[in-house]
Amino acid sequence: MTELPPLRDDVLYDAEQASRYIGRTPIWLKRAARADQIPARQVGRFWKWSAANIRSIVEGEPHVPRRRKRSRRTA
């Protein structure tokens, strides 16, 4: 297996690229991001990971979920 290039802080990685560093499948990454279990950001309809996100996942740092917006119901 070839060695991966070092993570770059100026790049957002897609699920396929991030999965190589994290050691999980791209589908797992997308599902965990959608469930807010790992740090990620959504760019349009795509999930992206920064180098800091990938490092925190690999190191096993706990993820603090984003605060969900409460829906406003009209009476």
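All figures in this text were calculated on a predicted structure; none of them were measured in a lab. The chain is numbered in sequence order, starting from 1. All values below were derived from every heavy atom in this structure, side-chain atoms included, with hydrogens, water molecules and symmetry-related copies excluded.
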Measuring from atom CD of Gln42 to atom CZ of Arg34, what distance do you get when rounded to the nearest 0.5 angstrom? 8.5 Å
Spacing of Lys30 atom NZ and Thr25 atom OG1 [to the nearest 0.5 Å]: 9.0 Å
When the side chains of residues 54-65 are checked against the rest of the protein, which donor-acceptor pairs come out under 3.5 Å, sequence neighbours left out?
from: Arg55; atom 1: NH1; to: Asp9; atom 2: OD1; distance (Å): 3.1
from: Arg55; atom 1: NH2; to: Asp9; atom 2: OD1; distance (Å): 3.4
from: Ser56; atom 1: OG; to: Ala52; atom 2: O; distance (Å): 3.4
from: Ser56; atom 1: OG; to: Asn53; atom 2: O; distance (Å): 2.9
from: His63; atom 1: NE2; to: Asp36; atom 2: OD1; distance (Å): 3.0

What's the spacing between Glu16 CD and Leu29 CG if we round to 0.5 Å? 10.0 Å
Sort and list the pairs that fulfil ring pair (Phe, Tyr, Trp, His ring centres under 6.0 Å) and have at least one residue in residues 19-62, not counting sequence neighbours. Tyr13-Tyr21
Which residues satisfy the side-chain contact (heavy atoms from CB on, under 4.5 Å) test with Arg45, sequence neighbours excluded? none
For a quick test of reading the model, state the closest non-hydrogen atom pair linking Gln17 to Leu12 and the distance between them. OE1-O, 4.2 Å
